[in-house]
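Residue numbers count from 1 along this sequence.
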Amino acid sequence: MTANALRHAMRLGATLSIAAWVLSAQAQQAALVGPSVAKVGTPVEYSMKGMRANSSHSFALVRPGAGEAQYAAVADATGKLSHRFTPMTRGMHEVRVLNSKGQVVGSTRVMAH
């Protein structure tokens with residue numbers, strides 16, 4: 001392998017490593033975090049990091065037998081989004097984060113008992 005080809009291979013390897021690191025960091029930041037089990041009548045909080053600072057989103061809460069309710073939310077200056085809700089019925093609830101285009105960017109479930 002020539003010196004020029006070796007330099008090119010090293011640059012390509014470094015570029016691929018950086019790209020993999022960025023994608024990994026984005027995937028980790030995009031997780032919706034909150035409890036998976038909750039007591040009926042007790043508030044729970046969900047948050048998501050890695051959003052664009054001051055960007056508009058919605059939290060969609062799907063309650064058993066009650067349909068979906070959406071709540072507006074704005075990411076703070078650090079890109080963190082959070083919302084609290086109180087499960088009032090027993091069963092599986094789904095929590096989703098929607099971007100300004102209505103696309104789901106994060107979701108999780110919580111079992112209320």
Side-chain angles (χ1 to χ4, degrees):
M1 182 179 283
T2 67
N4 199 22
L6 182 58
R7 279 193 295 273
H8 179 69
M10 289 175 62
R11 271 189 248 131
L12 179 60
T15 300
L16 291 174
S17 293
I18 291 170
W21 178 80
V22 168
L23 289 173
S24 173
Q26 287 174 343
Q28 290 172 0
Q29 291 176 345
L32 181 58
V33 178
S36 60
V37 178
K39 187 175 179 182
V40 170
T42 303
V44 291
E45 183 171 348
Y46 291 87
S47 63
M48 192 167 183
K49 295 180 181 179
M51 312 308 284
R52 197 174 71 244
N54 306 311
S55 57
S56 296
H57 300 274
S58 297
F59 274 88
L61 306 174
V62 182
R63 294 181 169 104
E68 180 177 308
Q70 289 191 13
Y71 303 90
V74 176
D76 66 15
T78 68
K80 181 180 177 184
L81 196 61
S82 61
H83 181 75
R84 290 181 73 140
F85 85 101
T86 303
M88 299 307 291
T89 56
R90 293 179 188 270
M92 187 64 71
H93 294 61
E94 185 174 0
V95 182
R96 296 184 205 138
V97 175
L98 309 170
N99 64 17
S100 60
K101 297 177 183 176
Q103 299 166 321
V104 176
V105 294
S107 67
T108 190
R109 293 177 184 243
V110 58
M111 175 58 81
H113 61 91

Would you give the length of the straight line joining atom CG of L32 to atom NZ of K49, rounded to the nearest 0.5 angstrom? 12.5 Å

Which donor-acceptor pairs under 3.5 Å do side chains of residues 97-113 form with protein atoms, sequence neighbours excluded?
{"from": "N99", "atom 1": "OD1", "to": "K101", "atom 2": "N", "distance (Å)": "2.9"}
{"from": "N99", "atom 1": "OD1", "to": "G102", "atom 2": "N", "distance (Å)": "3.1"}
{"from": "N99", "atom 1": "OD1", "to": "Q103", "atom 2": "N", "distance (Å)": "2.9"}
{"from": "N99", "atom 1": "ND2", "to": "Q103", "atom 2": "OE1", "distance (Å)": "2.9"}

Residue pair V44 / P87: nearest heavy atoms and the distance that separates them: CG2-CD, 4.2 Å

Considering all heavy atoms, the nearest P64-M92 contact: CG-O, 3.3 Å

Contacts satisfying ring-ring contact (aromatic ring centres under 6.0 Å, His included) that involve residues 61-84 (not counting sequence neighbours) are F59-H83, Y71-H83

Can you confirm whether more than 12 heavy atoms, excluding those of R90, are under 6.0 Å from its CZ atom? no

Separation between CG (D76) and CG (N54), nearest 0.5 Å, reads 7.5 Å

Closest non-hydrogen contact found for R84 with P43 is NH2-CB, 3.3 Å

For A53 and A77, the nearest pair of non-hydrogen atoms, with its separation, is CB-O, 3.3 Å

For the residue pair R96 and E68, establish whether any side-chain heavy-atom pair is separated by less than 4.5 Å. yes

Side chain to side chain contact (heavy atoms under 4.5 Å, CB included) partners for R52, two or more places apart: S55

